Structure formats: structure tokens, C-alpha cells
Amino acid sequence: APSLKDCVSCRTGCLDCDPCRNPRGWLNAGYLLWWAKSSDLPVLATTSSDPNGTGNLDEAATAIVFGGTSINGEARGGGKFDAGWWLDGGQHSALQMTYFFLGEKEESFFGSQEKYPILARPFFNVETAAEDARLIADPNVADGSMNLRAVTQLHTSALAYRHLLSRRPGCRIDYLLGYRFAYLGDSVYIAHSSTSLEDADLGTVVDLTDSFETRNTFHGGEIGFELQQQLDHNWSCVLSARIAIGGSRSETQISGSTSTDDGDTIDTTSSGLLVQDSNRGVFRDNDFNTVSDFGITLSRRITDHISLSFSYNFLFWSHVLRASEQIDRNVNPTQIPPGPLMGAPLPAFPNDSTSYWAHGINFNIAGQF
């Protein structure tokens with residue numbers, strides 16, 4: 001039987017020669033450095049350079065300390081794993097599993113009266129039709145602090161049957177048929193605590209939270225093609241394209257709470273500031289969807305059974321919900337407990353959907369056995 005060195009003269013490498021077709025299984029592991037589509041976060045925290053300022057966005061002295069920008073689009077790490085088993089010695093058909101994830105990406109903010117003598121949460125007051133703000137810290141009103149977090153995570157997996165479509169010296173094309181799962185989770189959490197300094201309710205402590213969370217899951221059938229070209233005995237290039245068509249389920253959970261402690265009694269409600277009866281709850285949506293994945297890989301053989309590769313991938317998800325884009329800044333303060341709602345039921349649940357993409361480079365090590 002020919003050896004691996006014999007493949008150099010025919011430039012076919014592991015694609016055609018019998019000694020290279022002996023391995024029946026493979027396992028790849030990789031480190032990912034990817035960028036993803038950011039989401040738009042409304043202004044959630046402000047301060048003021050004017051000692052008499054309120055943090056209102058209409059005031060010239062107001063400065064934004066968190067929000068009003070796109071978030072969680074920067075580079076993040078992750079991992080990718082690919083394993084498979086050839087069903088025949090000629091490597092005509094195989095079963096293949098793929099899983100990859102991106103690590104959680106978080107934007108956060110913590111502020112208190114020590115750093116920001118004036119700290120506020122701005123909103124649009126629909127009762128007065130003007131910008132407004134709730135003071136969290138102010139030398140004459142309250143001591144307070146605020147904690148905000150916005151987190152995004154992504155992972156996906158696939159199971160496929162792979163079969164040889166075409167082969168010629170140094171080149172092969174495979175098609176893949178299988179199943180794809182994808183998950184994108186988003187959350188925005190807002191919490192503040194303030195202690196009143198005003199005579200009317202001196203020492204009263206108010207703790208408030210607003211929480212927005214979206215979970216997108218996709219299940220679908222996938223078809224794909226992969227072209228592998230042997231460049232020489234040690235180097236090869238792979239082009240791949242996959243598209244999954246199926247259904248996705250988007251779930252948005254909006255919740256809030258307010259606790260007021262005046263030293264004698266503690267009153268609690270299930271509303272916050274940007275979460276009221278008009279938008280609190282769990283909202284679900286089912287939709288037809290697609291998830292696509294395109295990639296190019298350059299691989300270098302190190303030994304007969306181990307190779308290193310560098311690749312680029314682009315993933316596109318046609319329809320998702322992002323947590324930050326489900327925040328409605330329009331607030332009708334008449335419904336803030338204990339008042340009954342009068343007028344427009346705001347804030348509302350926007351149900352704003354968007355596409356999602358992620359792309360980046362991968363560093364992989366692969367083994368055949």
C-alpha cells in the first residue's frame with residue numbers, strides 16, 4: 001500500500017489515497033473570536049452638572065452615564081466542537097455533530113451618590129408630554145445607588161448526515177442533510193435603591209427593579225454543501241455553506257417590583273418604573289425563520305492524524321427579539337401604584353423584531369482516528 005509520502009507526487013493528499021481513508025472518525029476543537037450584531041439600549045441613567053438639575057434629558061446640564069448607545073457587539077470568545085464518524089472505509093458517507101457557543105457579553109453600570117451627587121432615571125412622561133426623570137440620588141432629595149446589567153449569549157448545534165456528491169483528484173464535494181438548533185438569550189436588569197432625605201418621609205427606603213428578558217429558540221431542517229480542495233500534501237482549503245429552515249419561538253418576560261420601607265411597614269408592588277401593569281407579563285411569538293452559516297477554512301497537516309486550521313465563519317438569523325429593544329421609555333405615571341390608570345396604557349410591549357448576525361475567526365485543532 002502507498003504511504004502518505006507517495007501522495008505528494010499526485011497532489012491528492014488525504015482525499016483519494018487508501019492510507020488516508022483509513023481513519024473512520026474525527027474530532028475538532030476550536031477557539032472563537034467573534035463579533036455580533038449589537039442592540040440599541042435606550043438611555044437608562046443620567047447625571048447633572050447643575051446642583052439643581054434633575055437629570056431630565058431636556059436639561060442642558062444633563063449627561064448620560066448609561067444607555068443611549070448600541071451594546072454587546074464587541075469581540076468575545078467562544079468555542080466550537082465538531083465530531084463525526086465515517087460509515088464506510090471509502091469515506092462516502094458519515095454522521096456529523098457540531099456545537100458552538102459564544103461566551104456571555106455583558107455591559108454593566110454601578111453608580112451612587114459618592115461618584116454622582118445627582119443620579120436619575122429618565123423617561124418620557126406621556127401625561128405631561130415631556131421628558132421627565134426619577135431622582136435616585138440628590139443632596140437635597142435622597143441618597144441612592146443604581147445597578148444595571150445587559151447580557152447576551154448565543155449557542156447553536158447541528159446533527160447531519162454527510163454524503164459524497166463528487167470527487168476528483170485533490171477535490172471532493174459533500175452535501176449535508178440534518179437538523180439545526182439555535183438559541184439567543186438577552187436580558188436587561190435595572191435596580192436602584194434610594195433613602196429619602198426629605199422631611200415628609202425622612203429615612204424611607206425605596207428598592208425598585210425592572211427586568212427585561214428575551215429567549216429565542218430555533219428548530220429546523222438543514223441542508224448544506226462543503227467543498228474541500230487539497231492545495232498540496234500538507235495544505236487544504238474548505239468552503240462550506242449551510243441553511244436551516246424551520247420555526248422559532250421568541251419569549252419575552254417583563255417584570256418589576258417596588259418595595260417601600262418607612263420603618264414601620266413595608267409595601268411591595270409588582271411594578272417598577274419602566275415596567276407597569278400595561279407591559280408586565282410573558283409574551284410569546286412563533287414565526288417561520290432561517291439560520292444560515294457560511295465559512296472558509298485553511299488547514300495545515302501536522303502529522304498523519306493531526307492538523308491545525310484557521311477559519312472564518314458568518315452566521316445569520318433572520319428573526320429574533322432583543323431585550324433592550326423591548327423597553328418602552330413612554331410612561332403614564334397615573335398607573336404607578338396606588339394610582340389607577342388614566343389615559344394611554346404606557347409603557348407598552350413593543351414586540352420589535354430584528355435580524356441577528358455574528359461572525360469571526362476560529363483557531364482549530366483536528367484529529368483523525
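Everything numeric in this text was worked out from a predicted model, so none of it was measured.
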Taking all heavy atoms of [X] and all of [Y], pick out the closest pair and write down the distance.
X    : Y    : value
V275 : G256 : CG1-N, 3.7 Å
A120 : A133 : CB-CB, 4.1 Å
D50  : I118 : O-CD1, 3.1 Å
L102 : A358 : CD1-CB, 4.3 Å
G272 : T258 : CA-OG1, 3.7 Å
V188 : A150 : CG2-CB, 4.2 Å

Check whether any side-chain heavy atom of [X] sits under 4.5 Å from a side-chain heavy atom of [Y], and report yes or no.
X    : Y    : answer
L321 : N216 : yes
R242 : L176 : yes
I245 : I223 : no
R149 : E107 : no
L274 : L44  : yes
S257 : T269 : no
R167 : H92  : yes
Q326 : T214 : yes

Could you state the interatomic distance from [atom1] ([X]) to [atom2] ([Y]), rounded to the nearest 0.5 Å?
X    : Y    : atom1 : atom2 : answer
K37  : L315 : NZ    : CG    : 13.0 Å
Q230 : S299 : CD    : OG    : 8.5 Å
F101 : T156 : CZ    : OG1   : 13.0 Å
D277 : N332 : CG    : CG    : 11.5 Å
F283 : F349 : CZ    : CZ    : 6.0 Å
N351 : D285 : CG    : CG    : 5.5 Å

Task: Steps toward side chain to side chain donor-acceptor pair (under 3.5 Å) verdict (N362, W34) - done: CA-CA 8 Å; N362 317 319; W34 280 39; 2.7 Å; yes

- [ ] For this output row, return yes or no: ring centroids of W86 and W26 closer than 6.0 angstrom.
- [x]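 They qualify: ring centres under 6.0 Å apart.
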
- [ ] Verify the ring-centre separation between H359 and W357: is it less than 6.0 angstrom?
- [x]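 Centroid separation for W357 and H359: below 6.0 Å.
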
Open item on the list: Show, in sequence, the C-alpha distance, side-chain angles and deciding distance for D143 and T195, and conclude whether the side chain to side chain donor-acceptor pair (under 3.5 Å) test is met.
Closed with: CA-CA 5 Å; D143 287 337; T195 303; over 6 Å; no

With the 4.5 Å side-chain cut-off for hydrophobic clustering, are [X] and [Y] part of the same group?
X    : Y    : answer
F109 : F212 : yes
L184 : I254 : no
Y116 : F110 : no
V65  : L208 : yes
L27  : F100 : no

Using 4.0 Å as the upper bound for N to carboxylate O, is an ion pair formed by [Y] and [X]?
X    : Y    : result
R322 : D186 : yes
R172 : E226 : no
E213 : R215 : yes
R329 : E131 : yes
D210 : R280 : no

TODO: Please check if the side chain of Q113 supplies one atom and the backbone of S145 the other of a donor-acceptor pair under 3.5 Å.
DONE: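 Checked: no pair found.
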
Open item on the list: For the backbone of D40 and the side chain of S324, can you confirm whether one donor and one acceptor N or O come within less than 3.5 Å of each other?
Closed with: yes

Open item on the list: For H219 and Y179, take the angle between the two ring planes, folded into 0 to 90°, and tell me which bin it lands in: parallel under 30, tilted 30 to 60, perpendicular over 60.
Closed with: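 H219 and Y179: parallel rings.
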
- [ ] Before giving the answer on side chain to side chain donor-acceptor pair (under 3.5 Å), spell out for D287 and S248 the whole-Å C-alpha distance, their side-chain angles and the decisive distance to 0.1 Å.
- [x] CA-CA 5 Å; D287 197 11; S248 66; 5.7 Å; no

TODO: Go through the steps to decide whether F181 and F218 satisfy the test ring pair (Phe, Tyr, Trp, His ring centres under 6.0 Å), and finish with yes or no.
DONE: CA-CA 5 Å; F181 168 80; F218 171 87; 8.6 Å; no

